Asks: 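Take this structure, written in C-alpha coordinates, and hold onto it; I'll ask about it next.
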Amino acid sequence: MSVRRLFPLVVMLSAGCAGSSAHHPPPAKSDPLARVAAVHGGAGPWAVMGYRMGVYALKQLDLPVGSFKLEVFHHTPQKVQYACIADGAAAATGASVGKLNLSLVEVLGPEDVVTRFRNRDTGEALALRPSPRFAQRYLDVPREKLAEAGAEVLTLPDAEVFEVVTAP
(Lines give C-alpha, C1' and ligand atoms only; values in the text may rest on other atoms or scores of the structure.)
Protein backbone atom coordinates (compact mmCIF):
# COMPACT_ATOMS: atom_id res chain seq x y z
CA MET A 1 0.00 0.00 0.00
CA SER A 2 1.37 3.42 -0.93
CA VAL A 3 1.96 6.24 1.53
CA ARG A 4 -0.75 8.26 -0.27
CA ARG A 5 -3.30 5.55 0.49
CA LEU A 6 -2.17 5.13 4.11
CA PHE A 7 -2.29 8.84 4.95
CA PRO A 8 -6.12 9.10 5.15
CA LEU A 9 -6.22 5.97 7.29
CA VAL A 10 -3.63 7.37 9.70
CA VAL A 11 -5.53 10.67 9.92
CA MET A 12 -8.81 8.87 10.64
CA LEU A 13 -7.25 6.67 13.30
CA SER A 14 -5.55 9.66 14.92
CA ALA A 15 -8.80 11.58 15.01
CA GLY A 16 -10.50 8.59 16.63
CA CYS A 17 -7.86 8.48 19.35
CA ALA A 18 -8.09 12.20 19.98
CA GLY A 19 -11.83 11.89 20.43
CA SER A 20 -11.58 8.82 22.61
CA SER A 21 -13.60 8.75 25.81
CA ALA A 22 -10.55 7.37 27.63
CA HIS A 23 -9.69 10.88 28.81
CA HIS A 24 -13.24 11.99 29.54
CA PRO A 25 -15.83 10.48 31.84
CA PRO A 26 -18.78 8.86 30.08
CA PRO A 27 -21.96 10.90 29.85
CA ALA A 28 -24.02 10.76 33.02
CA LYS A 29 -27.04 9.33 31.17
CA SER A 30 -25.26 6.30 29.68
CA ASP A 31 -26.24 2.80 30.80
CA PRO A 32 -25.09 2.37 34.43
CA LEU A 33 -24.49 -1.37 34.10
CA ALA A 34 -22.32 -0.81 31.03
CA ARG A 35 -20.36 1.90 32.86
CA VAL A 36 -19.75 -0.42 35.81
CA ALA A 37 -18.73 -3.27 33.50
CA ALA A 38 -16.36 -0.98 31.58
CA VAL A 39 -14.48 -0.15 34.77
CA HIS A 40 -14.85 -3.41 36.68
CA GLY A 41 -15.15 -6.09 34.02
CA GLY A 42 -18.68 -7.02 35.10
CA ALA A 43 -21.67 -5.48 36.84
CA GLY A 44 -22.20 -7.64 39.91
CA PRO A 45 -24.15 -6.47 42.95
CA TRP A 46 -21.23 -5.09 44.97
CA ALA A 47 -19.82 -3.03 42.10
CA VAL A 48 -23.32 -1.74 41.29
CA MET A 49 -23.73 -0.77 44.94
CA GLY A 50 -20.52 1.29 44.64
CA TYR A 51 -21.97 2.93 41.54
CA ARG A 52 -25.17 3.79 43.41
CA MET A 53 -23.13 5.23 46.29
CA GLY A 54 -21.09 7.34 43.87
CA VAL A 55 -24.18 8.76 42.15
CA TYR A 56 -25.69 9.60 45.53
CA ALA A 57 -22.47 11.25 46.74
CA LEU A 58 -22.08 13.41 43.63
CA LYS A 59 -25.62 14.67 44.07
CA GLN A 60 -25.16 15.38 47.79
CA LEU A 61 -21.82 17.13 47.23
CA ASP A 62 -23.10 18.99 44.15
CA LEU A 63 -20.22 17.79 41.96
CA PRO A 64 -20.23 16.65 38.32
CA VAL A 65 -18.92 13.32 37.06
CA GLY A 66 -15.15 13.55 36.59
CA SER A 67 -14.60 16.38 39.07
CA PHE A 68 -11.09 16.68 40.42
CA LYS A 69 -12.65 18.31 43.49
CA LEU A 70 -13.91 14.88 44.62
CA GLU A 71 -11.90 12.58 46.87
CA VAL A 72 -13.01 8.99 47.48
CA PHE A 73 -11.59 6.82 50.25
CA HIS A 74 -12.85 3.25 50.21
CA HIS A 75 -12.18 1.33 53.44
CA THR A 76 -12.19 -2.40 52.64
CA PRO A 77 -10.80 -5.71 53.80
CA GLN A 78 -8.84 -7.71 51.23
CA LYS A 79 -11.96 -9.56 50.06
CA VAL A 80 -13.27 -9.27 46.54
CA GLN A 81 -16.91 -8.36 47.21
CA TYR A 82 -15.99 -5.41 49.38
CA ALA A 83 -13.23 -4.16 47.09
CA CYS A 84 -15.67 -4.23 44.13
CA ILE A 85 -17.43 -1.24 45.67
CA ALA A 86 -14.46 0.98 44.79
CA ASP A 87 -14.72 0.15 41.08
CA GLY A 88 -18.43 0.95 41.11
CA ALA A 89 -17.73 4.28 42.80
CA ALA A 90 -15.09 4.98 40.14
CA ALA A 91 -17.60 4.19 37.37
CA ALA A 92 -20.12 6.64 38.82
CA THR A 93 -17.80 9.49 39.76
CA GLY A 94 -14.86 9.32 37.39
CA ALA A 95 -12.48 9.16 40.36
CA SER A 96 -9.43 6.98 39.87
CA VAL A 97 -6.24 5.87 41.54
CA GLY A 98 -4.30 7.43 38.65
CA LYS A 99 -5.92 10.84 39.21
CA LEU A 100 -5.04 10.51 42.89
CA ASN A 101 -8.63 11.03 43.97
CA LEU A 102 -9.52 7.41 44.73
CA SER A 103 -7.77 5.55 47.53
CA LEU A 104 -8.20 2.13 49.10
CA VAL A 105 -7.72 1.91 52.84
CA GLU A 106 -7.32 -1.59 54.23
CA VAL A 107 -9.47 -2.54 57.22
CA LEU A 108 -9.67 -5.81 59.11
CA GLY A 109 -13.23 -6.94 58.56
CA PRO A 110 -16.49 -6.40 56.70
CA GLU A 111 -17.98 -4.50 59.63
CA ASP A 112 -15.49 -1.70 58.90
CA VAL A 113 -16.41 -1.25 55.21
CA VAL A 114 -17.21 2.38 54.45
CA THR A 115 -16.76 4.67 51.46
CA ARG A 116 -16.03 8.32 52.19
CA PHE A 117 -16.64 11.01 49.60
CA ARG A 118 -15.27 14.52 50.10
CA ASN A 119 -15.43 17.80 48.20
CA ARG A 120 -11.85 19.14 48.39
CA ASP A 121 -12.96 22.75 47.90
CA THR A 122 -15.68 22.92 50.53
CA GLY A 123 -14.57 20.17 52.91
CA GLU A 124 -18.11 18.79 52.83
CA ALA A 125 -18.06 15.02 53.15
CA LEU A 126 -20.27 12.01 53.60
CA ALA A 127 -19.67 8.36 54.37
CA LEU A 128 -21.73 5.46 53.09
CA ARG A 129 -21.69 1.76 53.92
CA PRO A 130 -23.57 -1.32 52.72
CA SER A 131 -26.92 -1.76 54.42
CA PRO A 132 -27.07 -4.86 56.65
CA ARG A 133 -29.83 -6.28 54.46
CA PHE A 134 -27.70 -5.82 51.32
CA ALA A 135 -24.76 -7.65 52.86
CA GLN A 136 -26.97 -10.59 53.86
CA ARG A 137 -28.69 -10.79 50.50
CA TYR A 138 -25.68 -10.48 48.16
CA LEU A 139 -22.66 -11.80 50.05
CA ASP A 140 -22.26 -15.10 48.23
CA VAL A 141 -24.02 -14.73 44.89
CA PRO A 142 -22.89 -17.51 42.50
CA ARG A 143 -20.71 -16.21 39.67
CA GLU A 144 -23.28 -17.16 37.01
CA LYS A 145 -25.91 -14.96 38.72
CA LEU A 146 -23.77 -11.84 39.30
CA ALA A 147 -25.08 -9.88 36.29
CA GLU A 148 -28.70 -10.61 37.21
CA ALA A 149 -28.07 -9.57 40.82
CA GLY A 150 -26.30 -6.39 39.68
CA ALA A 151 -29.28 -5.42 37.52
CA GLU A 152 -31.55 -6.03 40.51
CA VAL A 153 -29.43 -3.77 42.76
CA LEU A 154 -29.88 -0.97 40.26
CA THR A 155 -33.66 -1.04 40.90
CA LEU A 156 -33.65 -1.17 44.72
CA PRO A 157 -34.35 1.85 46.93
CA ASP A 158 -31.17 3.49 48.30
CA ALA A 159 -31.98 2.37 51.86
CA GLU A 160 -31.85 -1.30 50.80
CA VAL A 161 -28.43 -0.80 49.20
CA PHE A 162 -26.48 1.56 51.47
CA GLU A 163 -26.82 3.77 54.50
CA VAL A 164 -25.33 7.08 55.49
CA VAL A 165 -22.82 6.79 58.31
CA THR A 166 -23.12 9.48 60.93
CA ALA A 167 -19.87 10.77 62.38
CA PRO A 168 -19.17 9.60 65.93
Side-chain angles (χ1 to χ4, degrees), residues 22-23 25-26 32-154 156-168:
H23 301 342
L33 296 175
R35 288 181 63 187
V36 171
V39 171
H40 187 63
W46 293 82
V48 174
M49 174 181 41
Y51 179 87
R52 297 276 309 272
M53 290 173 152
V55 168
Y56 180 85
L58 287 177
K59 185 175 180 181
Q60 297 302 308
L61 298 173
D62 195 28
L63 291 171
V65 173
S67 176
F68 279 86
K69 295 177 183 179
L70 179 70
E71 290 180 316
V72 181
F73 299 93
H74 180 59
H75 300 254
T76 180
Q78 293 293 314
K79 294 185 180 178
V80 174
Q81 294 99 326
Y82 305 107
C84 293
I85 298 167
D87 282 350
T93 65
S96 74
V97 173
K99 290 194 299 190
L100 302 178
N101 65 344
L102 173 62
S103 301
L104 293 180
V105 180
E106 189 172 348
V107 296
L108 294 177
E111 64 280 356
D112 298 319
V113 171
V114 66
T115 308
R116 299 182 189 285
F117 300 86
R118 182 177 172 273
N119 181 325
R120 289 177 174 161
D121 284 359
T122 66
E124 185 180 3
L126 74 146
L128 306 171
R129 69 175 166 220
S131 73
R133 180 178 168 149
F134 182 93
Q136 291 171 344
R137 187 172 180 178
Y138 295 104
L139 185 60
D140 293 313
V141 173
R143 187 172 297 276
E144 65 274 5
K145 296 195 181 231
L146 288 174
E148 180 183 326
E152 180 179 76
V153 170
L154 202 55
L156 297 173
D158 288 346
E160 288 186 33
V161 179
F162 60 86
E163 58 189 21
V164 177
V165 178
T166 54

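As a basis for the values below, the full set of heavy atoms in this structure was taken, side chains included, without hydrogen atoms, waters or symmetry mates. These numbers were taken from a predicted model, which means no experiment stands behind them.
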Asks: So do the side chains of Ser103 and Val97 get within less than 4.5 Å of each other, counting heavy atoms only?
Replies: no
Asks: Side-chain contact test, heavy atoms from C-beta onward, threshold under 4.5 Å: evaluate it for Val153 versus Phe134 and give yes or no.
Replies: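 Val153 vs Phe134: side chains touch.
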Asks: Determine whether more than 12 heavy atoms belonging to other residues, nucleotides or ligands lie under 6.0 Å from atom CG of Asp121.
Replies: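 Count over threshold, so yes.
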Asks: Using every non-hydrogen atom in the two residues, find where Arg129 and Val113 come nearest and quote the distance to one decimal.
Replies: CB-O, 3.3 Å
Asks: Kindly compute the distance separating CE (Met49) from CG (Leu156), expressed to the nearest 0.5 Å.
Replies: 11.0 Å
Asks: So do the side chains of Met53 and His74 get within less than 4.5 Å of each other, counting heavy atoms only?
Replies: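 With C-beta onward as the side chain, the pair stays apart.
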Asks: Distance from Leu58 atom CG to Phe117 atom CZ, nearest 0.5 Å?
Replies: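 With rounding to 0.5 Å, CG (Leu58) is 7.5 Å from CZ (Phe117).
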Asks: Once rounded to the nearest 0.5 Å, what's the spacing between atom CG of Leu108 and atom OG1 of Thr76?
Replies: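 Separation between the atoms: 11.5 Å.
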Asks: What closest approach, in Å, do Tyr138 and Trp46 show between heavy atoms, and which atom pair accounts for it?
Replies: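 Between these two residues, the closest heavy atoms are O-NE1, 2.8 Å.
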Asks: Ser131 side chain to Glu160 main-chain N or O, any donor-acceptor pair under 3.5 Å?
Replies: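 Side chain of Ser131 to backbone of Glu160, a donor-acceptor pair under 3.5 Å: yes, one is there.
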Asks: If you compare all heavy atoms of Ala92 against all heavy atoms of Arg35, which two are closest, and at what distance to 0.1 Å?
Replies: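 Between these two residues, the closest heavy atoms are O-NH2, 3.5 Å.
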Asks: Taking the side chain as every heavy atom from C-beta outward, state whether Asp140 and Gln81 have any atom pair closer than 4.5 Å.
Replies: yes
Asks: Roughly how far, to the nearest 0.5 Å, is OH of Tyr82 from CG of Asp112?
Replies: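 Result: 11.0 Å between the selected atoms.
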Asks: At their closest point, which heavy atom of Ala90 faces which heavy atom of Leu102, and how far apart are they?
Replies: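 In terms of heavy atoms, the two residues are closest at CB-CD2, 4.0 Å.
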Asks: Please answer whether the main-chain N or O of Val161 pairs with a side-chain N or O of Arg52 as donor and acceptor at a distance below 3.5 Å.
Replies: no
Asks: What are the two closest heavy atoms between Leu70 and Val72, and how far apart are they?
Replies: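 That closest heavy-atom pairing would be CD2-CG2, 3.7 Å.
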Asks: Check the pair Leu126 / Tyr56 against side-chain contact (heavy atoms from CB on, under 4.5 Å), numbers first and verdict last.
Replies: CA-CA 10 Å; Leu126 74 146; Tyr56 180 85; 3.6 Å; yes
Asks: Has the side chain of Arg120 got a donor or acceptor atom that lies under 3.5 Å from a matching backbone atom of Phe68?
Replies: yes
Asks: If you compare all heavy atoms of Val36 against all heavy atoms of Ala43, which two are closest, and at what distance to 0.1 Å?
Replies: CG1-CA, 3.8 Å
Asks: Any chance you could measure Asn101, atom CG, to Lys69, atom NZ, to the nearest 0.5 Å?
Replies: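 Answer for the CG-NZ pair, Asn101 versus Lys69, is 13.0 Å.
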Asks: Enter the distance from Ile85:CD1 to His75:NE2 here, rounded to the nearest 0.5 Å.
Replies: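 It is 12.0 Å, given to the nearest 0.5 Å.
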